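Here's the structure we're looking at; comments come further down.
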Number of protein chains: 2
Amino acid sequence: MNKQDQNKPIPKATAKRIPLYFRYLRTLQESGVIRIKSKEFSQMIQVPSATIRRDFSHFGELGRSGYGYDVPYLIEVFSEILSTQVEKRIALVGVGNLGKALLKNNFRRNENLTIMCAFDSDPEVIGTCINCVEIKNIHDFSEVAKKEGITAVITTVPSKHAQQAIDTIVASGITAILNFAPDRVKVPEHVNIQYIDLTTELQTLIYFDEHVSQVNKLGLAKKA
Amino acid sequence: MNKQDQNKPIPKATAKRIPLYFRYLRTLQESGVIRIKSKEFSQMIQVPSATIRRDFSHFGELGRSGYGYDVPYLIEVFSEILSTQVEKRIALVGVGNLGKALLKNNFRRNENLTIMCAFDSDPEVIGTCINCVEIKNIHDFSEVAKKEGITAVITTVPSKHAQQAIDTIVASGITAILNFAPDRVKVPEHVNIQYIDLTTELQTLIYFDEHVSQVNKLGLAKKA
DNA sequence: TACATTTTATTAGTTTTTTCACAAATAGAT
DNA sequence: ATCTATTTGTGAAAAAACTAATAAAATGTA
């Protein structure tokens, strides 16, 4: 039994890094690496080694002094944490340009996440298939989602219709939504909604580039 | 002259919210709203009112007690901060499924950000056009980027080739990169690189949904 | 086996971010 | 012109996240 079961909740900042850790552990495993030290791992993923050790420590004493961490064991632990042995069945709502692209990729390199079904309201696309996924009518969302055992939903609906689409999704009992429409929508408190907004990301990046890190540009950066 | 010029740097957390603030101020303006109180705005964008006031305060005394904030004035200020009057000319590298989708959208609703040119290494796509943007050979990146006055680059290259593509970009003097390939790449310190990884985002979301917010699910959530 | 080296896990300390709560300022009513 | 109700801006407190530094533990070498 690891610490998490008995103790304090995992810090949000830590939780956000877990998928990154897991991805790189898998990469290491594929390269046949059996053991990894926090400092080496730090170089790889560009997260300070102290942060890595602190993060890992929330899940128990995973490493051994003077040795480092055993990669297969770490993978076992993080796999459990992310419950990767359970297939996550995803639905996609909104089959526009972006939706189509996500369908075509369908988490290619990841055997744990799969877009099972897609929805739209446009009669033109309903009934067609993309990458072997049939586009269904959004009106049938609840029914199909239940039948397919959907865990989480990605919405790539235009802002204008996002609230309506998300109401439908929430009504079906789904509690995890990844929303590409930048406008904030109203959801009940128990629903977890995450926003991905390209424009905002890019504006933030440019803002940092222009203001926040001028110091770096002048060559006054402190050491890595 | 506002505070930012004279005083302390803007906190990172604040900087990240600026584009969100700006977007919603524009929405308000379009609806003809002239004044907004931090509490109302808070409801809209789902950021605590105290955070909003604190954030705004970094740029001077923008509001008036007992009144709130003047929307046109706020827009003026944030427009200046984000330098939205200057067109940001973006390049896109990697014209796969996702790259194509971004090209087709091309920040439709935003008059400040424009994808000016796109690059790939596949002879099949080089020379073709998507949404009036011609796909150029990545080998000509530096030359074209200079001619086009590119400020920032979006990379939608497969992980395997991301490092190479980004080396090319960095070599041309670009310092702001938004990278959709999830693997960490090495860049000089003065380069600002931001990662967007759908898989990670979704895994994080699901992790939170399964672990972190069980409390909410049990109906024990604290008040909004 | 003993010992010098390595590396974790953790304690303590620092910085950053968020939140509280209220004086001061202003609005708008009378 | 006065008064009451609002709402800001900000000190101060609290919470969260990060970093430093080190004792303890384990490694691996002689």
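As the structure is a computational prediction, the values presented were derived from the model and not from experiment. Lettering of chains follows the sequences in order, A, B, ..., and the numbering in each one begins at 1.
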Decide if atom [atom1] of [X] counts as having more than 12 heavy atoms of other residues, nucleotides or ligands within a radius under 6.0 Å.
X: B:E87; atom1: CD; answer: yes
X: B:Q29; atom1: CD; answer: yes
X: A:Q164; atom1: CD; answer: no

For residues 62-76 of chain B, which side-chain donor-acceptor pairs fall under 3.5 Å, sequence neighbours excluded?
unit_1, atom_1, unit_2, atom_2, d
B:D70, OD2, B:Y73, N, 3.1

Could you tell me how far apart [X] ([atom1]) and [N] ([atom2]) are, to the nearest whole angstrom?
X: B:K12; N: C:dT16; atom1: NZ; atom2: C1'; result: 11 Å
X: A:E61; N: D:dA25; atom1: CD; atom2: P; result: 10 Å
X: A:F41; N: C:dA9; atom1: CZ; atom2: C1'; result: 17 Å
X: A:R64; N: C:dT10; atom1: CZ; atom2: P; result: 17 Å
X: B:L62; N: C:dA25; atom1: CG; atom2: P; result: 17 Å
X: B:F56; N: D:dT7; atom1: CZ; atom2: C1'; result: 14 Å
X: B:H58; N: C:dT16; atom1: NE2; atom2: C1'; result: 11 Å
X: B:K39; N: C:dA21; atom1: NZ; atom2: P; result: 13 Å

Check the side chains of A:T84 and A:N112 for a donor-acceptor pair under 3.5 angstrom, ignoring hydrogens and angles. no

Look at the side chain of A:R17 and decide which nucleotide, out of C:dA27, D:dC18, C:dA9, has an atom nearest to it.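 The answer is D:dC18.
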
Between D:dG9, D:dG28, D:dA26, which nucleotide has the shortest distance from any of its atoms to the side chain of B:S57? D:dG9

Counting only side-chain nitrogens and oxygens, does A:S38 get under 4.0 Å of the OP1 or OP2 atom of C:dT7? no

If I take atom OG1 from residue B:T114 and atom CD1 from residue B:I150, how far apart are they, to the nearest 0.5 angstrom? 9.5 Å

Taking only heavy atoms on the protein side, list every residue of residues 45-55 of chain A lying under 4.0 Å from any atom of DNA chain C, sorted numerically.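 By residue number: A:R53, A:R54.
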
Would you say A:Q194's side chain and B:L202's backbone share a donor-acceptor pair under 3.5 angstrom? no

For B:S38, is there any backbone N or O sitting under 3.5 Å from a side-chain donor or acceptor partner on B:S42? no

For the residue pair A:I166 and A:V187, what are the closest heavy atoms and their distance? CG2-CG1, 3.7 Å

Scan B:Y69 against the nucleic acid and name what it touches under 4.0 Å (heavy atoms): base, sugar-phosphate only, or nothing. sugar-phosphate

Protein proximity profile, nucleotides 1-6 of chain D - base contact B, sugar-phosphate-only contact S, no contact -, cut-off 4.0 Å on heavy atoms: -----B

